[in-house]
Amino acid sequence: MKRINIAIDGYSGCGKSTLAKDLAGALNYTFIDSGAMFRGLTHYCIRHGIDMYDAGAIAELIQNRPSIVFDSKSNHLLLNGIDVETQIRNDQKVVSSVSFVAAVPHVRTYLKELQQEYIANKGVVMDGRDIGTVIMPDAELKVFVTATIEERVFRRLQQLKGQGESVTEEEVKTNLVERDRADANRSAAPLKKALNSVCFDTTNFTRESQLEAILSIARPKIDPEKYLPFIQ
Ligand code: DC
């Protein structure tokens, strides 16, 4: 059987990471959450007291080349060897600033270098915004995930409430919409659907059924002799 790379892109809060993690688990592949890497770098900038609107200061700080590793055993982000998973998810300063940091070309160049180190051996499922367009343009399977804004707000609220966070529906909606707008309109590697990607609306799918839907597309690519006999 062939090992393939799978790129999962899409809007904030539509379940990309859950789908990517479940796919990697089902196929025994490595899951990489590229958004966690952007969040980790944002946390690093905050810790260094950087003004998030100062792209020059961010670019200068990155010259320190902080170690940013997505640990696929724990699915946690390690910044200079320290687990900062809780901080990158719950610190509202990270949540509200990450799109600004992600728009800085030096940030994208640095993280691209780190992200591409993971993909050489195949068997990687990576989710983000530019995975199918920039990071793994040769991925054998590219999925662009979407869902209605109502569903995305509902899911994100459930997740945050489950973690004991108190945020309003309006706050969650504003953050999702603003981040999507910033991600889709920046000049460096904007969020966009790769030409040869499958567009997948997850609104009415359960976690299990969305996994099964994408596995049904992945399997013929992984094992063409079984699923596509006689076809080159
Ligand atoms: O997937 P996420 O919500 O954890 O991503 C956090 C932010 O990082 C998001 O607002 C956009 C940015 N991002 C990006 O620009 N490119 C990626 N490949 C992944 C995330």
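One-based numbering, in listed order, for ligands and for the atoms of each. FYI, the numbering just counts along the sequence from 1.
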Does any N or O atom in Arg108 lie less than 3.5 angstrom from one in ligand 1, N or O only?
yes
If you measure every N/O of Ser12 against every N/O of ligand 1, is any gap under 3.5 Å?
no
Could you check atom 1 (O) of ligand 1 against the protein and tell me its nearest heavy-atom contact, residue, atom and distance included?
Arg129 NH1, 2.9 Å
What part of Arg179, side chain from CB on, backbone N/CA/C/O, both or neither, has a heavy atom under 4.0 Å from ligand 1?
side chain
For Tyr110 versus Pro66, what's the shortest heavy-atom pair and its separation?
OH-O, 2.5 Å
Strictly by modelled atom types, are Gln158 and Arg155 linked by a side-chain donor-acceptor pair under 3.5 Å?
no
Could you tell me whether some N/O pair between Arg156 and ligand 1 is separated by less than 3.5 angstrom?
no
Going by distance only, is there an N or O of Ser34 that falls short of 3.5 Å from an N or O of ligand 1?
yes
On a heavy-atom basis, the closest approach of Ile135 and Gln116 is O-NE2, 3.0 Å
Heavy-atom nearest neighbour in the protein, as seen from atom 12 (C) of ligand 1, with distance rounded to 0.1 Å:
Ala102 CB, 3.8 Å
Does any N or O of ligand 1 fall below 3.5 Å from an N or O anywhere on Arg186, backbone included?
yes
Does the ring center of Phe70 lie less than 6.0 Å from the ring center of Tyr118?
no
Hey, do the aromatic rings of His48 and Tyr44 have their centres closer than 6.0 Å?
yes
Looking only at side-chain N and O atoms, does Arg129 offer a donor or acceptor that is under 3.5 Å from a partner on Ser34?
no
